[in-house]
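Remember, it's 1-based here, ligands and their atoms both numbered in the order they're listed.
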Amino acid sequence: MAAAEKPPSADAPRDAQGAPALHVAIVMDGNGRWAKQRGLPRSLGHRAGVEALKRTVSAASKLGIGSLTVFGFSTENWSRPAAEVAELMALPKRYFETDLARLHREGVRVRVIGRREGLSGELLKLIDDAHARTKDNTAFNLNIAFNYGGQADIVDAARRFAEDVAAGRRAPSDLDEALFAGLLATSGAPPPDLIVRPSGEQRLSNFLLWEAAYAELVFQDVLWPDYGEEHLRAALAEFAARDRRYGAIVADDVLAAG
Ligand code: IPE
Ligand code: MG
């Protein structure tokens, strides 16, 4: 088995019936507009966004969600002004310093997914420490996409497979969807059931492109720093009303088709 290939995680959180618990992914968006509305610098919008993340993680675990994946910094965000990039780079430290010990006590497994290149040695150490400290926790999965881009992740996976082929460890015919999924940053985790984007924008913006194949999408008109339990509840209510068919047809249609 190639090093990067992992089977789906057997220890993913499960609901009371033993089924894998829900995986919700959120594009945290609207920090800048929230700050602007208040005449504040964008940096304060990002700090308020960290508070919203804390509220939302607590709400998610309270509402029975098993995994939460949030988009914190995209590979495209490097094009923002240097001062704003520096502020965004400082957020994981701010978050881990105040919250990692509590998350660990509460059984949260924290994983940061994304490219390591470009991140400072200090940040990489923080990330590695958070992984090492929480890796055996099973109550809740918190995945933070940081320096992440869906296309970049697919390219990285393709490159890794090509390297395995060039080295004789793999044949091109080995490649299928399951093997490819195992090469992505989200390897081992179930795909998201629901992707939520607040702030009124209705696009994925390069988030979880492969993994979004059958995700339900919910867009909400609230800026991320204002996000909390009531908004997550509303998103879950909308999700619960959807009819997920995964490309099949519903039983009634099968009967009607005779
Ligand atoms: C989300 O808020 C934070 C990141 C993308 C890093 P924005 O900074 O995108 O806020 P808006 O879209 O300008 O309001
Ligand atoms: Mg934005």
Side-chain angles (χ1 to χ4, degrees), residues 24-60 68-100 110-120 122-124 126-127 130 142-154 185-186 192 194-209 211-212 215 217-232 234-235:
V24 176
I26 305 183
V27 179
M28 303 188 289
D29 193 22
N31 298 352
R33 278 162 282 172
W34 183 93
K36 193 170 178 200
Q37 282 176 359
R38 287 160 179 75
L40 299 170
R42 292 176 63 86
S43 59
L44 293 190
H46 295 314
R47 290 182 202 185
V50 173
E51 298 308 312
L53 176 61
K54 294 178 188 177
R55 286 195 299 276
T56 305
V57 171
S58 299
L68 184 69
T69 301
V70 294
F71 205 176
F73 187 89
S74 86
T75 45
E76 288 70 39
N77 288 148
W78 290 107
S79 61
R80 294 191 178 195
E84 182 167 351
V85 169
E87 175 66 33
L88 292 167
M89 285 292 140
L91 294 183
K93 185 171 181 207
R94 181 177 287 272
Y95 181 51
F96 287 164
E97 268 173 3
T98 58
D99 267 49
L100 189 65
V110 178
R111 279 196 291 184
V112 178
I113 58 169
R115 278 188 174 158
R116 291 173 69 88
E117 297 83 65
L119 304 186
S120 71
E122 186 195 14
L123 181 49
L124 290 173
L126 272 173
I127 290 170
L142 173 62
N143 309 308
I144 303 171
F146 200 86
N147 199 17
Y148 172 89
Q151 292 182 342
D153 195 37
I154 290 169
T186 51
L194 166 64
I195 298 181
V196 178
R197 182 162 191 166
S199 92
E201 310 292 351
Q202 303 199 352
R203 52 180 175 267
L204 280 177
S205 295
N206 205 10
F207 189 39
L208 301 177
L209 296 184
E211 298 83 348
L217 307 179
V218 169
F219 301 102
Q220 295 180 291
D221 266 325
V222 51
L223 300 174
W224 175 249
D226 288 327
Y227 208 87
E229 182 176 332
E230 63 176 296
H231 306 99
L232 190 57

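Residues satisfying the salt bridge (charged side-chain N to carboxylate O under 4.0 Å, His left out) criterion with Lys54, sequence neighbours excluded, are Glu51, Asp99. Taking Thr186 as the reference, Glu211 meet the side-chain hydrogen bond (donor to acceptor under 3.5 Å, both in side chains) condition, with sequence neighbours excluded.
Only side-chain heavy atoms of Leu88 come within less than 4.0 Å of ligand 1; its backbone N, CA, C and O stay farther off. The proximity of Lys36 to ligand 1, defined as any non-hydrogen pair under 4.0 Å, does not occur for either the backbone or the side chain.
Ring orientation note: the planes of Tyr148 and Phe71 are nearly perpendicular, at an angle over 60° on the 30°/60° scale.
Residues Pro192 and Ala215 come closest through the heavy atom pair O-CB, 3.5 Å. What you find for Ala235 and Val196 is that their closest heavy atoms are CB-CG2, 4.0 Å.
Looking at Glu201, Arg80, Glu87 and measuring to atom 7 (P) of ligand 1, the nearest heavy atom belongs to Arg80. Across Gly30, Ser43, Gly72, Ala35, heavy-atom proximity to atom 6 (C) of ligand 1 is greatest for Gly72.
Regarding atom 13 (O) of ligand 1, its nearest protein heavy-atom neighbour is Arg42 NH2, 3.1 Å. From the protein, the heavy atom lying nearest to atom 1 (C) of ligand 1 is Met28 O, 3.1 Å.
Side-chain contact between Asp153 and Leu209 is absent, with no heavy atoms from C-beta onward closer than 4.5 Å. Taking the side chain as every heavy atom from C-beta outward, Val110 and Tyr95 never approach each other to under 4.5 Å.
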| request: I would like to know whether Lys93 and Glu122 meet salt bridge (Lys or Arg N to Asp or Glu O under 4.0 Å); could you show each step before the answer? | output: CA-CA 9 Å; Lys93 185 171 181 207; Glu122 186 195 14; 3.2 Å; yes
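Pairs of residues two or more places apart, or lying in two chains, never qualify as ring-ring contact (aromatic ring centres under 6.0 Å, His included) while including a residue from residues 27-47.
For ligand 1, the atoms lying closer than 4.0 Å to a non-hydrogen atom of Asn77 are 5 (C), 6 (C).
Below 3.5 Å of separation, one finds an N or O of Arg33 facing an N or O of ligand 1. For ligand 1, the polar-atom distance check finds an N/O of Gly32 within less than 3.5 Å of one of the ligand's N/O atoms. Of the N or O atoms in Asn31, one or more lie within a sub-3.5 Å distance of an N or O in ligand 1.
Side-chain contact of Ser199 with Arg33: a donor-acceptor pair under 3.5 Å is present, judged by distance alone.
Of all protein N/O/S atoms, those lying under 2.8 Å from the Mg ion (ligand 2) come to 1.
Checking Val70, Ile113, Asn77, Leu119 one by one against Phe146, the side chain to side chain contact (heavy atoms under 4.5 Å, CB included) holds for a single residue, Leu119.
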